[in-house]
Structures are given as structure tokens and as C-alpha cells.
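A short write-up of the structure that comes next.
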Amino acid sequence: MTEVNSAADSGSYNPHKAEAEMQARWENEGTFQVTENSDKPKFYCLSMFPYPSGQLHMGHVRNYTLGDVIGRYQRLQGKNVLQPMGWDAFGLPAENAAIKNNVPPMKWTRENIAYMKRQLKSLGFAYDWSRELATCDPEYYRWEQWFFTRMFKRGLVYKKAALVNWDPVDQTVLANEQVIDGRGWRSNALVERRELAQWFVKITDYAEELLNCLDGLDGWPEKIKTMQRNWIGRSEGVELTFPIDADQGLEQQGLTVYTTRPDTLMGVTYVAVAAQHPIALKAAESDEKLKAFLEECNRVKVAEADMAKMEKLGMPTGYYVTHPLSGEKVQVWVANFVLIDYGSGAVMAVPGHDQRDWEFARKYDIPVKQVIAPAPGSNEICDLSKEAYVSKAGVCVNSGEFDGLDFPQAFGAVASALRAKGLGETQVNYRLRDWGVSRQRYWGCPIPIINCSQCGAVPVPEADLPVVLPTDVEFEGVGSPIKKMPQWYETTCPECGGAAERETDTFDTFMESSWYFARFASSGFAGGMVDERTRYWGTVDHYVGGEEHAILHLLYARFFHKVMRDEGLVEGDEPFKNLLSLGMVLKDGAKMSKSAGDAGDPQHLINTYGADAVRMAMMFAAPPEQSFEWSEHGVESAGRWLRTRLWNIVENHLAGGEVPALDKAALTEGQKDLRRLVHETIAKANDDYGRRLNFNTVVSSVMTLMNEVSRYDDESPQGRAVVNEALRAAVLIMEPITPHITEVLWEQLTGGSVYDASWPEVDEEALKKSAVEIVAQVNGKLRGRFEAPFDSDQDTLVAMAKEDENVQRFLEGMTVRKIICVPNKLINIVVSK
RNA sequence: GCCCGGGUGGUGAAAUUGGUAGACACGCGAGACUUAAAAUCUCGUCACCUUUUGGUGGUGCCGGUUCGACCCCGGCCCCGGGCACCA
């Protein structure tokens with residue numbers, strides 16, 4: 001050991017030295033830069049890229065360590081592994097910072113990226129940094145703009161009015177999180193709902209496919225698929241029209257509603273429209289009270305949760321519609337729980353058989369009419385004085401020709417009756433709504449549309465892309481600077497050449513994160529959105545990210561992928577083969593967020609204990625899918641374990657000199673026992689890394705192995721050979737979790753590089769046991785344990801159990817009724833008097 | 001409110017297919033080493049009863065299925081995530 005300056009020399013463990021040296025080596029040698037020219041099978045391992053909020057928090061450390069562990073494990077399995085990293089760089093916090101500190105968003109974002117990149121590097125992640133991208137880079141978003149114009153040409157884009165949170169003081173649109181208790185976060189003004197023309201993308205055209213493809217996603221957690229299914233919300237129902245008498249002076253000739261319960265149609269006692277519905281607005285013209293009520297309805301934030309939590313209120317409009325089958329007059333109410341953005345902005349109400357309608361009807365003394373009764377012989381109870389009867393198991397009553405029909409029969413009969421009158425049709429409906437992509441913000445990708453008074457909305461021609469967001473901007477208070485920059489938005493129409501204006505809204509930032517995985521593969525390609533390299537890397541083999549993205553991001557990304565497929569850009573129906581959905585790292589019981597500031601910055605821990613200790617502590621803390629409250633306690637002990645239980649033991653072993661070759665035939669029982677544990681640990685690691693993705697138990701099983709090694713004091717040649725095998729296995733198994741220390745130790749143990757190492761094979765022979773411990777139960781209660789030869793049969797085990805004194809005590813005076821035998825594990829003698 | 005998860009010692013957790021509840025750690029206690037401390041090592045550590053190598057109870061609460069339930073079923077409580085403009 002003469003080269004004292006190398007981390008690969010023995011001596012006391014210095015994590016900072018080892019980590020700095022290894023990281024410098026990876027960078028200099030381009031260890032993690034991958035190409036498409038490889039004989040190895042490809043493996044695309046992707047962790048959700050971060051928003052550059054300023055500094056990493058523990059949620060990032062967890063996410064990126066888990067992804068890195070998967071990637072490094074696959075690399076040790078002989079795969080050509082791509083692990084890219086980039087920045088989801090557009091978004092609200094940069095604007096907030098700009099307003100607060102007068103820093104241009106681009107500058108703020110770039111500085112944050114630089115700092116966070118250093119932090120990621122200091123954690124030793126095996127990223128191919130040559131593929132780094134930032135979504136605020138025009139070379140990135142130009143292809144997003146290009147793709148949007150492709151979607152426009154495919155008819156997937158349209159404009160319609162939609163509600164936003166309007167701050168009347170700051171004269172700006174607020175995000176939901178900027179509305180606190182109904183007031184603007186800066187101005188404290190009461191927020192109003194306001195309608196604005198917005199761009200929408202027709203994700204609903206793909207609703208059926210987005211739903212059906214979930215069945216084929218075997219590598220996704222069932223809970224995520226369930227959430228997506230419920231979100232898409234396919235339902236079968238009837239769309240029907242309540243005609244409107246012309247003598248009421250309304251423009252509309254009918255009110256269209258959708259219902260999944262056409263069997264209850266004869267029980268409709270009112271219909272309800274949203275506060276922004278034209279009928280409501282018309283009625284309010286001559287009714288001051290109603291007008292006030294509508295204004296009241298507009299003082300709720302545009303968020304479903306707030307809608308659902310508020311008290312259900314309504315007012316009659318004075319108008320009525322005609323029941324499509326009975327011809328009776330039905331009153332039209334305005335209700336604050338009806339969504340104008342969803343469906344037709346109107347619902348039919350059946351208070352007898354819908355709980356919300358029932359409560360509303362009781363509150364306003366609207367009649368409740370029973371039209372469904374429990375089926376004969378059913379033990380269901382229907383008491384409309386207490387609650388609505390919502391079961392689908394009943395039969396129609398008080399419904400004329402439909403009386404006696406059950407749900408499916410009544411569904412068909414009512415649909416037919418409506419169809420015969422031209423007033424209704426069965427329809428498959430989705431809860432999923434089209435994706436509103438317009439944002440009235442500055443720090444986002446400009447929407448590549450030119451508004452021309454002659455030609456309407458015209459997509460920017462491909463040759464004129466990208467539409468670059470100006471970055472030399474001044475934030476004067478709130479509001480998007482580009483909306484006040486005529487030099488930017490004044491342009492000419494690409495079609496007629498006349499004066500026209502650019503769209504000054506920008507895209508929802510989910511647009512950028514919906515295709516970045518494809519761009520990583522085609523890194524740097526200037527000739528298009530993606531190239532053939534994206535076909536090589538293909539589907540992301542493992543996608544790792546927080547469970548908070550279970551619905552929106554993952555649904556939008558799946559949608560984008562399908563449209564890209566239909567454009568011939570990518571292959572396959574789904575972008576992510578396997579998904580690891582991480583639980584939250586909580587801070588004070590809630591998720592760490594941008595707004596929570598620097599809570600949980602890992603830097604001081606890395607500085608104190610080293611990256612390997614931080615990574616190991618994070619992996620050991622909990623299985624990936626579980627949320628947990630972060631505590632720094634484990635980091636110190638992880639560092640201690642690495643030093644005392646890994647480094648020192650390897651050093652002591654190496655100090656013993658040459659290690660002879662292992663002779664499996666010449667092992668003592670003690671040597672065989674340790675060797676069995678070694679191979680059990682390898683088998684466990686394979687299962688935990690490859691199948692279960694539980695890395696906390698990888699760590700604990702290696703700890704168990706090393707505890708055993710430290711107790712083992714067989715200095716004989718074969719004893720040292722078995723220990724050597726144990727140490728090589730432990731070091732390699734730990735490599736994905738603690739890559740720096742293990743790379744150093746592996747070189748000391750073998751003289752070779754850990755990147756040329758092959759994963760240890762499980763020796764099935766070594767796993768074999770001659771004897772196993774059997775648990776003896778009487779009536780399911782533990783009464784004794786004993787050693788029995790491996791694979792003993794039931795009779796042998798019963799006989800051995802009966803030799804146990806304690807077992808005998810519980811058998812005395814009893815008659816054996818039954819024997820339950822779980823081979824090599826348990827024998828249960830069931831007795832009674 | 002709706003959808004999806006979760007709840008196990010003082011703490012993080014383990015128990016993979018219904019079969020020994022608490023592995024592995026943290027913390028704490030005791031001991032060794034030390035002039036002393038730190039570091040390190042060893043032992044103990046779910047509760048109660050007990051001379052025991054024994055018994056009883058115990059996985060948020062209540063009930064059920066089973067020879068046997070942290071695990072399956074029904075009802076409830078609490079916590080977390082999402083709810084379409086935080087990302």
C-alpha cells in the first residue's frame with residue numbers, strides 16, 4: 001500500500017475523499033454516458049425530473065436514490081442503462097420569486113438549476129448528464145410548439161370559455177393554491193370566478209383507449225390504475241332533453257342533461273343549472289335576489305374540492321321545462337353545485353333516489369317522488385322521510401308503463417321511449433374533461449398561435465418556430481409582462497399577411513413534462529421532436545416518481561405518447577412499462593413542497609456524513625411506496641455502519657493476506673452455515689431488487705450477514721475463503737445503494753472495477769439445510785419448537801411434537817381432532833375434550 | 001364531499017402465498033475498554049404475571065370467517081395523497 005493518496009488504498013474510511021474521487025472518475029471517464037451501440041439489452045430508467053425550486057429536499061433524495069438503485073442494479077445485471085436527468089423549468093414559483101425579489105425568472109431558474117445540479121452530482125447518481133435538458137430552453141419547447149400545431153391540424157385543439165380565479169385588485173388570474181380562504185394571496189381581495197377563452201386539447205378523444213390500455217399495464221401498481229380508471233370515469237347513461245315552451249321567451253328550445261339513472265326519470269321534480277348557465281343569467285336580469293345569488297356563487301374558488309365542501313344552495317329561476325315523457329312542468333333551479341365546465345351545465349334531479357337531490361329538495365320544500373321500490377322479497381328499506389333510496393336493485397313504481405321493471409329493463413325502456421320522441425339517446429360518458437392548456441402567465445412556453453381578425457386563430461408555421469419567450473423582462477407588479485409587450489405580440493398573419501397578434505397565454509407546464517422522456521432519448525436532435533434513438537430506447541422500462549403524480553401527470557404523458565404514436569413519432573401504446581409510485585417524505589405531517597421553502601435540505605447531511613450514508617439511510621427508512629416522516633436520525637448510524645461494519649471488516653480481512661480458492665467439498669459445518677447465509681442474502685437481494693423493489697430489506701439482510709461475519713472468527717484458509725465470498729457479495733449487493741464506498745472496496749477485494757463485475761450467482765447447493773426448526777402448535781397456539789430433519793413428513797413431525805413436554809401438557813385429557821401440517825415450518829394439533 | 005392509500009414496541013420498520021408478531025436499526029439501560037470522555041465492543045429492551053426453558057394479553061376501534069388473521073370479510077375512527085391553474 002504505497003499510493004497513500006488514493007481512496008482505493010486501505011486506511012480509515014473517509015467518505016468525503018472516497019466520494020470526491022469516485023465522482024471525479026465517473027465524470028472524467030464518462031462512466032454513465034451511454035450510446036445506442038451496445039450488445040447489451042437496453043434499460044431505460046427514469047426518475048421524474050424536478051422543478052428547480054432552489055435546493056433539493058428529502059423527497060428528491062428519496063426519489064432519485066430509488067431510481068439510481070434500480071438503474072445501478074440493472075447495470076450490474078448486464079443491461080445498457082440510460083438514466084437521464086433534466087429540469088421541469090417553467091412554472092409559477094419563478095414568477096413569484098421575480099415579483100418578490102425582482103429577479104428575472106430565467107436568471108432565477110438557471111441559478112437554481114446550477115445549484116441543484118451540483119447537489120445531484122454530490123449524491124453520486126449514475127446520470128448521463130450529456131443528455132441534460134431544461135424545458136425553458138427554446139430548443140426544447142420549440143418541439144412542443146411544433147407538436148401543438150400538429151395536434152391543431154389533427155383537430156385535437158379548440159378554444160372555449162372556461163372559469164378562472166380572478167383577483168379584482170391585482171387584475172390577474174390566480175392558481176388554486178394562490179387562493180386562500182376565498183381571497184387572493186397577495187391582494188387579500190375576494191376572488192371572483194370569471195370566464196376566459198382558453199385553449200383545450202381533446203384528451204377525451206382518447207378516453208376509451210386511456211382506460212382500456214390500463215388493463216395491459218402489468219408493471220403498474222393496481223392502486224394507480226384504479227385511480228386513473230375512476231378519474232376517467234366511464235359511465236353508461238342517457239342524454240336527454242327537457243323541451244322548453246317557447247312562450248317563456250328563452251332562446252333555448254330545450255335543456256339537455258345526462259343521467260346514469262334513466263330508470264328514475266319519472267321521479268324528476270326539478271332540474272338544476274349552473275350559476276353561469278344562460279338560463280340563470282337571463283332569469284337574473286329581472287330578479288335582483290337571483291342576481292345577488294349568482295354573484296355569491298361566483299365567489300367560490302374554481303376547485304372541485306371547494307365546490308364539494310360548500311353548503312348546497314339554490315334558487316328557483318321562475319322558468320320551467322317540460323318532462324320529456326310525462327309532459328309535466330318541471331321547475332328550473334340554479335344550484336351552486338352544478339358545474340358549468342362539465343357536461344351541459346345542467347342536471348336533472350330525482351330527490352327520491354339521489355341523496356344530494358334529496359337534501360336539496362328537503363331544504364327548499366321541493367316535492368320528493370318515489371319511483372323505485374325495493375324488489376319483492378328484498379330486505380332493503382325505503383323510507384324517503386329519512387333519506388333517498390339509491391339502490392339499483394329495486395323496481396319501478398309510480399312510473400306508468402315502466403312499473404315493475406328492474407334497473408336494466410327500465411334503462412332500456414326509458415331510453416327507447418325517449419328515442420321514439422327524438423328527445424334522448426343512450427350514451428357512454430366520461431368524467432374526464434378536456435385538458436385546458438392555456439395559462440395567463442409569463443413563465444411558460446408561448447402558445448404558438450397568431451390571432452388574425454380575418455383568418456381567426458392560425459398556428460405559427462413550422463419555419464417560424466420556436467416562438468421564443470422574451471427573457472429580458474421587467475416585472476412591474478403582477479401580470480404577465482408579455483401581455484404588455486406590443487413589440488413582441490404584434491406580428492403579421494401567416495395566412496393573409498395582415499396585422500395580427502400573437503397569443504400571449506402560455507402552456508400549462510404539464511405540457512413540457514408530457515414528452516420529456518422521449519426527448520432524453522433523442523438528446524440534442526435539431527431536426528425534429530425525436531429521432532431514431534427514441535425508438536432504440538423505446539418504452540421507459542422503469543419510471544420512478546411521487547404518488548402525487550398518480551393521475552394528472554401520468555395521464556397527460558400517456559395521452560401525449562398516444563398522439564405522438566399516431567403522428568408516427570414513437571412506437572408502442574404506452575410510455576411507461578413499469579411504474580414505481582413513491583410515498584411522500586413528509587415534513588411535519590405534510591408533503592414537502594416548493595412553498596414549504598428549504599425544509600429538508602440534505603446538504604448539511606451530505607457534508608457531515610457523506611452521500612453514501614444519506615442514500616443508505618433513506619433506503620433503509622421505509623419501503624418505497626410508504627409515506628413517512630423524515631428524520632435525520634438514521635444518517636449517522638448508516639455512516640457508522642459503513643465504517644465499522646463494512647469498511648473496517650473488509651480492511652481487517654484484507655490485512656490477513658492471500659485468500660485461497662474456495663473448496664466447496666472441504667467445508668466444515670460452521671463454514672457451510674456462513675456460506676448458506678451468504679447465498680440466502682444474495683437470493684433475498686435478487687428478489688428485493690428485481691421483483692419487490694423493497695430496498696430497506698436489502699439493507700437489513702446485508703446487515704444481518706455482516707453481523708454474522710463480524711462474529712465469525714475462523715481464520716483457517718477455507719474460513720477466510722468463505723468470508724471473502726461473503727464480503728464480495730455484501731459489497732456488490734450494496735453497490736446500488738452506496739456506490740462510492742463499494743467501488744473502493746471492490747477494487748481492494750478483487751483488483752478489478754465494479755463496472756466489470758458480474759452479479760453473484762445463487763449456489764442452490766449452498767442453500768440446502770439438513771435440519772429446520774419446526775413450530776409446534778396446539779389449537780393454533782405456540783407451545784414449543786424443535787429441530788427436525790429437512791422435509792420430514794407429517795407423522796414424524798407429530799411424533800416429535802408430542803415429545804415436547806409443554807406440548808404434552810396441552811394434549812393431556814384431550815382428543816386429537818385434526819392435524820395441520822405446513823412442511824418445514826409448522827405442525828398444529830387441534831384437540832378438544 | 002368524492003377517489004386512492006395507510007394505521008404494528010419509546011422511534012423507523014420486518015413478517016413476500018392465511019402459518020413463530022416485532023427481523024434489521026434508532027433510542028434507552030447495563031457492562032467492557034479508558035485517568036476520563038468520545039469512539040468501539042458485548043448483553044438486555046412489547047406489556048403484564050411468573051422460580052421457569054412457563055403463562056396471559058397484544059398489530060387504530062367493534063364484529064365476523066378460519067385449526068390458525070397484521071394479512072380475508074362487514075361496520076367505524078384517525079392520518080396522508082389527489083380532486084383538473086403547485087409541480
Side-chain angles (χ1 to χ4, degrees), chain A residues 48 50-51 53 88 90-93 164-165 173-179 221-224 226-231 233 302-310 312 337 341-342 356 431-436 438-441 508-510 513 546-553 555-556 581 583-584 586 589-591 593-595 617 620-623 625-629 631 633-634 636-638 640-641 644 648 684 687-688 691-692 694 696-697 699-704 707 710 773-785 805-806 809 817-820 822 825-826 828-831:
Chain A
M48 290 180 187
Y51 178 81
S53 52
D88 191 11
F90 278 135
L92 204 50
V164 294
N165 300 310
V173 175
L174 298 180
N176 281 331
E177 74 161 11
Q178 295 174 312
V179 182
E222 209 52 52
K223 68 166 179 174
I224 306 293
T226 304
M227 280 191 257
Q228 292 220 346
R229 282 190 192 102
N230 292 341
W231 185 263
V302 186
E304 200 192 291
D306 291 73
M307 294 284 282
K309 271 182 258 184
M310 72 196 175
K312 308 291 180 286
F337 55 82
D341 287 339
Y342 184 51
R356 185 183 66 189
R431 203 188 75 96
L432 179 69
R433 315 207 281 260
D434 277 336
W435 179 9
S438 297
R439 296 292 180 270
Q440 296 70 42
R441 308 197 193 292
D508 176 7
T509 57
F510 276 126
S513 54
E547 67 182 355
E548 71 269 33
H549 296 296
I551 295 175
L552 293 180
H553 163 61
L555 196 65
Y556 292 143
S581 172
M584 300 280 138
L586 306 175
K591 98 173 176 182
S593 66
K594 328 295 163 282
S595 45
F620 187 53
E625 275 147 40
Q626 194 164 118
S627 295
F628 70 99
E629 176 80 21
S631 145
H633 276 112
E636 186 180 355
S637 62
R640 184 161 58 224
W641 185 86
T644 63
N648 289 351
K684 167 96 177 134
D687 194 38
D688 284 348
R691 181 181 67 88
R692 293 211 310 159
N694 273 22
N696 53 330
T697 49
V699 174
S700 64
S701 60
V702 174
M703 284 176 168
T704 304
N707 286 346
S710 77
E773 188 185 62
I774 302 292
V775 166
Q777 294 184 339
V778 179
N779 285 348
K781 295 214 173 203
L782 175 70
R783 298 304 179 193
R785 30 182 122 221
E805 274 182 34
N806 200 44
R809 276 175 50 199
R817 302 294 176 192
K818 199 173 176 180
I819 302 285
I820 310 282
V822 181
K825 256 191 182 162
L826 171 145
N828 183 14
I829 303 170
V830 183
V831 296

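As the structure is a computational prediction, the values presented were derived from the model and not from experiment. In what follows, chains carry the letters A, B, and so on, assigned in the order in which the sequence lines appear, proteins first and then strands, with residues in each chain numbered from 1.
- With a 4.5 Å cut-off on side-chain heavy atoms, E547(A) and S627(A) count as touching.
- Screening N694(A), T697(A), N696(A) for a side-chain hydrogen bond (donor to acceptor under 3.5 Å, both in side chains) involving D688(A) leaves a single residue, T697(A).
- Spacing between atom CG of L552(A) and atom C1' of G81(B) amounts to 12 Å, rounded to whole angstrom units.
- Comparing the same atom, P, in U50(B) and in U42(B) gives a spacing of 34 Å after rounding to whole Å.
- Using a 4.0 Å heavy-atom criterion, one finds that V173(A) contacts the bases of the nucleic acid, with or without backbone contacts as well.
- In this structure, S637(A) does not reach the A25(B) phosphate: none of its side-chain N or O atoms is under 4.0 Å from OP1 or OP2.
- Not one N or O on the side chain of D508(A) forms a donor-acceptor pair closer than 3.5 Å with the backbone of R439(A).
- V702(A) comes within 4.0 angstrom of no nucleic acid atom, judged by non-hydrogen atoms across all strands.
- E548(A) places its CD atom 19 Å from the P atom of C4(B), with the value rounded to the nearest Å.
- In this structure, W231(A) CH2 and L555(A) CG are separated by 8.5 Å, a value rounded to the nearest 0.5 Å.
- The side chain of S700(A) sits closest to A23(B) out of U20(B), A23(B), A13(B).
- Checked against C24(B), A15(B), G19(B), the side chain of Q777(A) finds its nearest nucleotide in G19(B).
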According to the Watson-Crick and G-U wobble definition with distances under 3.5 Å, which dot-bracket string, read 5' to 3', encodes RNA chain B, using [ ] for crossing pairs and | for pairs with another strand? (((((((..(((......[....)))((((((.......))))))((((....))))..(((((..]....))))))))))))....
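- Of the candidates C86(B), A87(B), A84(B), A84(B) carries the atom nearest the R433(A) side chain, counting heavy atoms from C-beta on.
- When the C1' atom is used for both G82(B) and C86(B), the distance is 12 Å, rounded to whole Å.
- Here P623(A) lies in heavy-atom contact (under 4.0 Å) with sugar-phosphate atoms only.
- The nucleotide whose nearest atom lies closest to any side-chain atom of A621(A) is, among A84(B), U20(B), G12(B), G12(B).
- Among the protein residues, R356(A) comes within range of no part of the nucleic acid, since none of its heavy atoms lies under 4.0 Å from any strand.
- As judged by a 4.0 angstrom heavy-atom cut-off over every strand, H549(A) is placed among the base-contacting residues.
- In the set C83(B), A13(B), C26(B), the nucleotide with an atom closest to the side chain of N696(A) is A13(B).
- To the nearest whole angstrom, the two C1' atoms, one in C67(B) and one in G18(B), are 12 Å apart.
- Set against G1(B), C24(B), A87(B), the side chain of A305(A) has G1(B) as its closest nucleotide.
- Picking from C67(B), G19(B), A15(B) the nucleotide with the shortest atom distance to the side chain of V830(A) gives C67(B).
- The side chain of R640(A) approaches G27(B) more closely than any other nucleotide in the set G27(B), U20(B), G80(B).
- One atom, CZ of R785(A), and another, P of U20(B), lie 10 Å apart when rounded to the nearest Å.
- At the heavy-atom level, G634(A) lies nowhere under 4.0 Å from the strands shown.
- Within the model, atoms CD of E177(A) and CG of N165(A) stand 11.5 Å from one another, a figure rounded to the nearest 0.5 Å.
- F337(A) places its CZ atom 23 Å from the P atom of C83(B), with the value rounded to the nearest Å.
- Here, U11(B) and C28(B) have their C1' atoms 11 Å apart, quoted to the whole Å.
- Taking atom CZ of F628(A) as the reference point, atom C1' of A25(B) lies 14 Å away to the nearest angstrom.
- Contact annotation for E636(A): no contact, since no heavy-atom pair falls under 4.0 Å across all strands.
- Interatomic distance, CG of D341(A) versus CG of D434(A), reported as 11.5 Å (0.5 Å rounding).
- C43(B) and A37(B): their C1' atoms are spaced 22 Å apart (whole Å).
- Computed from coordinates, the F620(A) CZ to A14(B) C1' distance equals 10 Å when rounded to whole Å.
- When the C1' atom is compared between A30(B) and U35(B), the two are found 22 Å apart, to the nearest whole Å.
- Between Y556(A) and W435(A), the ring planes are parallel. Angles under 30° get that label, and only those over 60° would be called perpendicular.
- Among the heavy atoms of the strands lying under 4.0 Å from K223(A) are primed sugar atoms or P, OP1, OP2 only; no base atom is included.
- When heavy atoms are screened at a 4.0 angstrom cut-off, K684(A) is found touching base atoms of the nucleic acid.
- For the pair R692(A) and A15(B), the criterion of a side-chain N or O lying under 4.0 Å from OP1 or OP2 is met.
- N230(A) comes within contact range of the sugar-phosphate backbone alone, with a heavy-atom separation under 4.0 Å but no base atom that close.
- Residue-level contact check: L432(A) touches the bases, meaning some heavy atom is under 4.0 Å from a base atom.
- Listed nucleotides: C24(B), A84(B), U16(B). Nearest to the side chain of D687(A): U16(B).
- One interatomic measurement links the two molecules: CZ of F90(A) to C1' of C86(B), which rounds to 17 Å at whole-angstrom precision.
- Distance from the side chain of E304(A) is smallest to G1(B) among C24(B), A87(B), G1(B).
- Syn is the glycosidic conformation of G9(B), whose angle stays within 90° of 0.
- Summary of the strand contacts: I551(A) and N165(A) both lie near RNA chain B, and taking for each the nucleotide with the nearest heavy atom, the more 5' one is attributed to I551(A).
- T644(A) comes within 4.0 angstrom of sugar-phosphate atoms only, judged by non-hydrogen atoms across all strands, and of no base.
- Legend: residues meeting ring-ring contact (aromatic ring centres under 6.0 Å, His included) with F337(A), ordered by chain and number and at least two apart, are F360(A).
- Rounded to a whole angstrom, the distance from the C1' atom of C62(B) to that of G55(B) is 27 Å.
- Backbone-only contact: L92(A) has heavy atoms under 4.0 Å from sugar-phosphate atoms and none from a base.
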What nitrogen or oxygen pairs link the protein and nucleotides 49-56 of chain B at under 3.5 Å?
from, atom 1, to, atom 2, distance (Å)
G54(B), O3', N806(A), OD1, 3.3
G54(B), O3', N806(A), ND2, 3.3
G54(B), O2', R809(A), NH1, 3.3
G55(B), OP1, R783(A), NH1, 3.2
G55(B), OP1, N806(A), ND2, 2.8
U56(B), OP1, R783(A), NH2, 3.4
U56(B), OP2, R783(A), NH1, 3.0

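- Using a 4.0 Å heavy-atom criterion, one finds that Q440(A) contacts the bases of the nucleic acid, with or without backbone contacts as well.
- The distance between atom OH of Y556(A) and atom P of A84(B), rounded to the nearest whole Å, is 9 Å.
- Distance noted for atom P between U8(B) and C70(B): 14 Å (whole Å).
- With RNA chain B read from its 5' end, the first of the two nearest nucleotides for K825(A) and M227(A) is the one closest to M227(A).
- Residue N828(A) places a side-chain atom within donor-acceptor reach of the base of C67(B), judged by atom type and a 3.5 Å distance cut-off alone.
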